[in-house]
Visitor: 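Got a structure for you, written out below as structure tokens; questions coming shortly.
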Amino acid sequence: MPQGDRIPAMYGPAAELADRLARNAEAVCRHYLSSGRREGRYWLVGDINNNPGRSLYVRLRGVETGSGAAGKWTDAATGDHGDLLDLIAACRNLQSLRDTLDEARLFLSLPRTESHADRRPAAPVPTGSPEAARRLFAMSKPITGTVAQSYLRRRGITDVRHGDPLRFHPRCWYRGDDEDPRDRLRDAWPAIIAAVTDLDGTITGAHRTWLDPSGSHKADISTPRRAMGQLLGNAVRFGHAVDVLVAGEGIETMLSVRQVLPTLPMAAALSANHLAALILPPTLRRLYIAHDADPAGDRAQETLAERAIALGM
């Protein structure tokens with residue numbers, strides 16, 4: 001980022017976090033600058049906004065101090081430079097040091113700092129409510145390097161980006177039903193947590209996919225996929241739709257479609273009924289519907305297509 005906007009000189013916890021990030025410089029780049037690639041001791045990418053190219057370079061290895069230290073970056077086109085905390089702040093458009101440090105801790109799977117006011121126990125919220133969904137998503141972490149990433153790769157899904165609404169919870173609570181064995185009625189499993197949002201990006205719900213600890217398949221429970229919160233009209237969104245959108249039912253279905261159509265915004269409505277009721281952006285001009293090949297999917301496709309046509313799309 002420009003020198004005038006850089007994070008102030010760091011001491012204590014900030015310096016420690018910057019050092020931890022520098023020791024994991026390549027992992028930081030793969031997460032926040034996924035459009036780039038490694039060449040020798042450097043990670044090359046177009047700019048701080050993760051556009052393809054070679055203008056911005058991040059040193060992955062170097063001496064412990066000085067301008068050659070690991071994690072230092074420079075954009076040759078603009079002259080902007082900094083360390084990995086500066087990079088994270090710019091990539092996430094964070095305006096305060098505290099928010100930047102919290103984001104760094106999230107990436108490193110470290111606990112966030114808390115003020116005295118923050119330490120008061122959070123008031124309980126109704127089970128399955130939008131607020132419960134927001135809390136679940138907030139306490140989850142990035143999927144990079146977790147069994148969630150292993151699971152998706154086994155499904156042929158490798159295009160998972162840092163801006164995607166997907167996170168990982170190592171022990172997500174699962175309440176069993178009559179179809180589960182007695183020893184699995186109340187249990188916790190690793191899970192992929194997906195944020196359900198409205199058109200403004202507000203989290204209204206969450207979808208959970210419980211996984212086997214090996215990451216090779218879903219958890220051996222009766223209902224390994226469940227959603228909570230306000231779902232009707234909303235979706236798990238991949239990218240920001242303006243004039244074009246691909247809409248479908250399942251999260252993995254839409255991620256699979258994105259493997260071959262990587263530039264198009266996608267929305268997973270989570271079921272056929274919810275697909276039929278999906279709220280469409282008012283600026284939309286072209287809609288592709290990736291429905292399941294069954295009667296429910298056919299009906300959802302017909303209903304959504306009729307609504308889109310009525311809206312002039």
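Source: prediction; values computed, not measured.
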Visitor: Is it true that N50 and S34 share a donor-acceptor pair across their side chains at a distance under 3.5 Å?
Guide: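 Side chains of S34 and N50: pair found under 3.5 Å.
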
Visitor: My understanding is that only residues two or more places apart in sequence, or in another chain, count here; which of them pass side-chain contact (heavy atoms from CB on, under 4.5 Å) with A133?
Guide: A206, M228

Visitor: Passes side chain to side chain donor-acceptor pair (under 3.5 Å), T78 versus D80? Steps please.
Guide: CA-CA 5 Å; T78 65; D80 295 343; 3.3 Å; yes

Visitor: Please report the interatomic distance CZ(R167) to OG1(T146), rounded to the nearest 0.5 Å.
Guide: 12.5 Å

Visitor: Scan for salt bridge (charged side-chain N to carboxylate O under 4.0 Å, His left out) pairs involving residues 255-283, sequence neighbours excluded, and state none if there are none.
Guide: D159-R258, D164-R258

Visitor: How about W210 and Y174: are their ring centres within less than 6.0 Å of each other?
Guide: yes

Visitor: Tell me whether D83 contacts the main-chain N or O of L85 through its side chain, where contact means a donor paired with an acceptor under 3.5 Å.
Guide: yes

Visitor: Enumerate the ring pair (Phe, Tyr, Trp, His ring centres under 6.0 Å) contacts for residues 17-40, please, sequence neighbours excluded, ordered by first and then second residue.
Guide: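 The answer is H31-F107, Y32-F107.
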
Visitor: Could I get the full list of side-chain contact (heavy atoms from CB on, under 4.5 Å) partners for A241, not counting sequence neighbours?
Guide: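 Counting only residues at least two positions away or on another chain, A241 forms a side-chain contact (heavy atoms from CB on, under 4.5 Å) with L245, P265, P281.
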
Visitor: Does R20, at its CZ atom, have more than 12 non-hydrogen atoms belonging to other residues, nucleotides or ligands within less than 6.0 Å?
Guide: no

Visitor: Looking at CZ of R37 and SG of C29, how far apart are the two atoms once the value is rounded to the nearest 0.5 Å?
Guide: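 Here the interatomic distance stands at 14.5 Å.
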
Visitor: Among I88, L84, L101, T100, exactly one meets side chain to side chain contact (heavy atoms under 4.5 Å, CB included) together with L17. Which residue is that?
Guide: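 Running side chain to side chain contact (heavy atoms under 4.5 Å, CB included) over I88, L84, L101, T100 with L17 returns exactly one hit, L101.
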
Visitor: Starting from L44, can I reach L87 by hopping between I/L/V/M/F/W/Y residues whose side chains sit under 4.5 Å apart?
Guide: no

Visitor: Output every pair passing salt bridge (charged side-chain N to carboxylate O under 4.0 Å, His left out) with a member in residues 189-215, not counting sequence neighbours, ordered by first then second residue.
Guide: none

Visitor: Sequence neighbours left out, what passes salt bridge (charged side-chain N to carboxylate O under 4.0 Å, His left out) with E131? Give chain and number order.
Guide: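 For E131, the residues satisfying salt bridge (charged side-chain N to carboxylate O under 4.0 Å, His left out) (neighbours in sequence not counted) are R134, R135.
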
Visitor: Counting only heavy atoms from other residues, nucleotides and ligands, does the tally under 6.0 Å from CZ of R38 exceed 12?
Guide: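 Result for CZ/R38: enclosed.
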
Visitor: Report the residues that fulfil salt bridge (charged side-chain N to carboxylate O under 4.0 Å, His left out) with R154, sequence neighbours left out, ordered by chain and then residue number.
Guide: none

Visitor: Assess the side chains of T283 and D243: does a donor N or O sit below 3.5 Å from an acceptor N or O?
Guide: no

Visitor: Nearest 0.5 Å please: distance from the NE2 atom of H81 over to the CG atom of D86.
Guide: 8.5 Å

Visitor: List the steps, then state whether side chain to side chain donor-acceptor pair (under 3.5 Å) holds for D75 with S55.
Guide: CA-CA 6 Å; D75 189 330; S55 177; 2.6 Å; yes

Visitor: Going from NE2 on H169 to CG on L211, what distance comes out if it is rounded to the nearest 0.5 angstrom?
Guide: 13.0 Å

Visitor: For R23, is the CZ atom crowded, meaning more than 12 foreign heavy atoms sit under 6.0 Å from it?
Guide: yes

Visitor: Answer with yes or no whether the hydrophobic clustering places I143 together with V147; edges join I, L, V, M, F, W, Y residues whose side-chain heavy atoms lie under 4.5 Å apart.
Guide: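 Yes, it is one cluster - the side chains of I143 and V147 are joined through contacts under 4.5 Å.
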
Visitor: Taking side-chain contact (heavy atoms from CB on, under 4.5 Å) as the test, write out the residues that go with A269, two or more places apart.
Guide: H274, L275

Visitor: With sequence neighbours excluded, tell me which residues meet side-chain hydrogen bond (donor to acceptor under 3.5 Å, both in side chains) with R153.
Guide: none

Visitor: Does one hydrophobic cluster hold both V257 and L255, with members joined at side-chain heavy-atom distances below 4.5 Å?
Guide: yes

Visitor: In the single-linkage hydrophobic clustering (I, L, V, M, F, W, Y; side-chain heavy atoms under 4.5 Å), do V28 and Y42 co-cluster?
Guide: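 No; tracing contacts between hydrophobic side chains, which count when under 4.5 Å, never links both residues.
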
Visitor: Partners of R30 by side-chain hydrogen bond (donor to acceptor under 3.5 Å, both in side chains), sequence neighbours excluded?
Guide: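 Partners of R30 under the side-chain hydrogen bond (donor to acceptor under 3.5 Å, both in side chains) test: E26.
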
Visitor: With a cutoff of under 4.5 Å between side-chain heavy atoms, which Ile, Leu, Val, Met, Phe, Trp and Tyr residues group with I279?
Guide: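 Its cluster mates, by chain and number, are L199.
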
Visitor: Is there a path from L304 to I309 through hydrophobic residues (I, L, V, M, F, W, Y) whose side chains come within less than 4.5 Å of each other?
Guide: no

Visitor: Please identify each residue that fulfils side-chain contact (heavy atoms from CB on, under 4.5 Å) with R225, with sequence neighbours left out.
Guide: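 Expected list: H207, T209, K218.
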
Visitor: Would you mind checking if R105 and E103 are paired as a salt bridge, meaning a charged N to carboxylate O distance below 4.0 Å?
Guide: no

Visitor: Kindly compute the distance separating OG1 (T303) from CG (L278), expressed to the nearest 0.5 Å.
Guide: 12.5 Å

Visitor: Would T144 and Q149 satisfy side chain to side chain donor-acceptor pair (under 3.5 Å), going step by step from the backbone distance to the final call?
Guide: CA-CA 6 Å; T144 303; Q149 186 177 46; 4.7 Å; no

